[in-house]
Every structure is written in C-alpha cells, then in structure tokens.
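Here the structure is a predicted model, which is why all the values come from computation and not from measurement.
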Amino acid sequence: MNNGLNAQSDPTVQPVPASVVEAVDAADVTLSNPKWAVIALGSNLGNRMDTLQGAVDALGDTPGIRVKAVSPVYETEPWGVEPGSQPSYLNAVALVKTTLPPSSLLERGHAIEEAFDRVREERWGPRTIDVDIVAYADVVSDDPVLALPHPRAHERAFVLAPWHDVDPEARIPGRGPVADLLDGIGRGGVTPRPDLELRLPE
C-alpha cells in the first residue's frame with residue numbers, strides 16, 4: 001500500500017497507520033490461504049435427508065466457507081444407546097475450505113443446529129441435525145470447547161467411511177490414515193444409501 005504518492009499529490013491525505021496496514025495485510029493472507037476442514041453431519045429425526053441437505057446449503061451460504069465436496073450418504077445405527085431405542089441415522093461428511101478460525105466455524109455449526117431445532121437434552125440423544133467439526137487443517141488441540149481433531153472420530157465408522165469416500169488419502173492428525181483406521185474398526189452398522197444423494201450448494 002503506497003500512501004506516499006497520494007500524500008504528495010493531495011496534502012489532505014494522511015498516511016495510513018502502520019497498525020492498520022499490518023491488519024489489512026494479515027487479512028489478505030488469511031483470505032488467500034483458506035484452511036481445509038472436515039465436517040460430519042448426522043440426522044435421525046424428521047425428514048433426515050432434507051435436513052442434511054439444508055445443513056450443507058447453510059454451510060455454503062456462510063461467508064468464509066466454501067463446500068468443496070459432500071460424501072455419499074450412509075444409514076447407521078445410533079451410537080452409545082440400546083439397539084432399537086432410536087431411529088437410525090443418515091450420515092455424511094462435507095469437506096470445506098474456510099477462512100474462519102475453528103471457534104467461528106464451531107459457532108456456525110451450532111447456529112445451523114439451532115436453525116433445525118436441535119435439542120440437547122441427553123448425551124447421544126436423537127437429534128434433527130448434528131454438525132461436528134472432525135478436523136481443521138493439521139490443528140491438534142485439547143481445548144475443552146473444541147478438541148481437534150474430534151476425539152472419537154477415529155473409532156466411528158459413520159465418520160470414517162464417508163470421509164474416506166471423498167478423500168481416500170485423508171489422515172487424522174495423531175491417529176494416522178483414515179483408510180487404515182476404517183480397516184481396523186470395520187464397517188459394521190454402517191450401510192451405504194446409493195439411492196440418496198446430497199448436492200453441492202449452488
């Protein structure tokens with residue numbers, strides 16, 4: 001940003017403070033260097049497919065987020081509850097490029113859940129939509145608000161299977177290749193639904 005020339009030609013123009021220049025330069029770097037993030041989606045209440053598509057579209061409508069890929073859809077048994085006690089889930093994974101920091105991405109995920117009337121009454125309870133950040137670039141963090149990568153993603157086939165579909169070379173930081181992790185736990189309770197297809201936001 002060359003303010004010297006403007007200042008010479010127009011004495012009313014004041015130089016831009018160095019702190020502002022630094023802030024703009026930092027923003028430019030952020031905008032030109034988006035990070036990959038992996039977002040897991042799940043629904044087992046209401047019109048599950050419409051809700052999943054709505055969540056994908058809502059992510060795509062978010063400034064600073066571009067949905068680059070959506071996985072095939074899987075039908076899965078609920079995690080951590082008695083078999084048959086809840087409806088089955090539809091699960092998918094979205095790969096996004098984002099200039100948002102992890103905390104803002106988490107806030108957006110929660111806002112999408114609220115928009116679809118997600119109710120948080122019990123752990124592993126049924127939900128209209130679940131929006132989980134599985135991984136953000138190579139960030140490893142044990143922050144209690146948002147642990148990265150997701151602390152249980154490596155043991156959940158309903159996350160690993162769709163993730164592997166859209167990114168066969170994917171790795172979970174600190175855990176290894178998604179393909180190896182999926183081979184290790186198998187695909188029990190996870191059924192492909194080729195009759196269902198999510199579309200990328202327009």
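- Using a 4.5 Å heavy-atom cutoff, the side chains of Ile39 and Val67 are not in contact.
- Using a 4.5 Å heavy-atom threshold, the side chains of Pro102 and Leu148 count as touching.
- Side-chain atoms of Asp132 do not come within 3.5 Å of backbone N or O of Ala40 as any donor-acceptor pair.
- Leu146 and Val140 are assigned to two separate hydrophobic clusters, defined by single-linkage of ILVMFWY side chains at heavy-atom distances under 4.5 Å.
- The CD1 atom of Ile129 sits 11.0 Å away from atom CG of Asp50, with the distance rounded to the nearest 0.5 Å.
- Contact record, Trp163 with Ala135: CH2-CB, 4.2 Å, taken as the closest heavy-atom pair.
- A salt bridge is defined here as a Lys NZ or Arg NE, NH1 or NH2 lying under 4.0 Å from an Asp or Glu carboxylate O, and Arg175 with Glu155 fails to meet this definition.
- The shortest non-hydrogen separation linking Pro149 to Pro173 is CG-O, 3.6 Å.
- Contact of the Trp36 side chain with the Asp167 side chain is not registered, since no non-hydrogen atoms from C-beta on lie closer than 4.5 Å.
- Here the CG-CG distance, from Leu90 to Leu52, works out to 5.5 Å after rounding to the nearest 0.5 Å.
- Of all heavy-atom pairs between Pro162 and Pro72, the closest is CB-O, 4.1 Å.
- Between Asn91 and Val159, every side-chain heavy-atom pair lies at or beyond the 4.5 Å cut-off.
- Between atom CG of residue Leu181 and atom NE2 of residue His164 there is a gap of 10.5 Å, rounded to the nearest 0.5 Å.
- Between Leu182 and Ala161 the shortest heavy-atom distance is CD2-CA, 3.8 Å.
- More than 12 heavy-atom neighbours from other residues, nucleotides or ligands sit within 6.0 angstrom of CG on Asp183.
- Checking side-chain atoms of Arg187 against main-chain N and O of Pro192 turns up no donor-acceptor pair under 3.5 Å.
- Side-chain N or O atoms of Thr98 include one that pairs as donor or acceptor with a backbone N or O of Gly64 at under 3.5 Å.
- Here NE2 of His110 is found 12.5 Å from CZ of Arg108. Values are rounded to the nearest 0.5 Å.
- Side-chain contact between Thr62 and Leu100: present, with at least one pair of heavy atoms (C-beta onward) separated by less than 4.5 Å.
- Closest of all the heavy-atom pairs between Arg193 and Asp195 is NH2-OD2, 2.7 Å.
- Atoms CG and OG1, from Leu45 and Thr51 in turn, are 9.0 Å apart once rounded to the nearest 0.5 Å.
- Between the side chain of Ser88 and the backbone N or O of Glu77 there is no donor-acceptor pair closer than 3.5 Å.
- Between the side chain of Gln53 and the backbone N or O of Arg199 there is at least one donor-acceptor pair closer than 3.5 Å.
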Given Leu198 and Met49, is the side chain to side chain contact (heavy atoms under 4.5 Å, CB included) satisfied, shown in steps?
CA-CA 8 Å; Leu198 292 169; Met49 195 62 190; 3.6 Å; yes

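- The shortest heavy-atom contact between Ile133 and Leu106 is CD1-N, 3.5 Å.
- Using a 3.5 Å distance cut-off with no hydrogens or angles, the side chains of Tyr89 and Asp130 do not pair a donor with an acceptor.
- Between the CD atom in Glu113 and the CG atom in Leu41 there is a gap of 9.5 Å [rounded to 0.5 Å].
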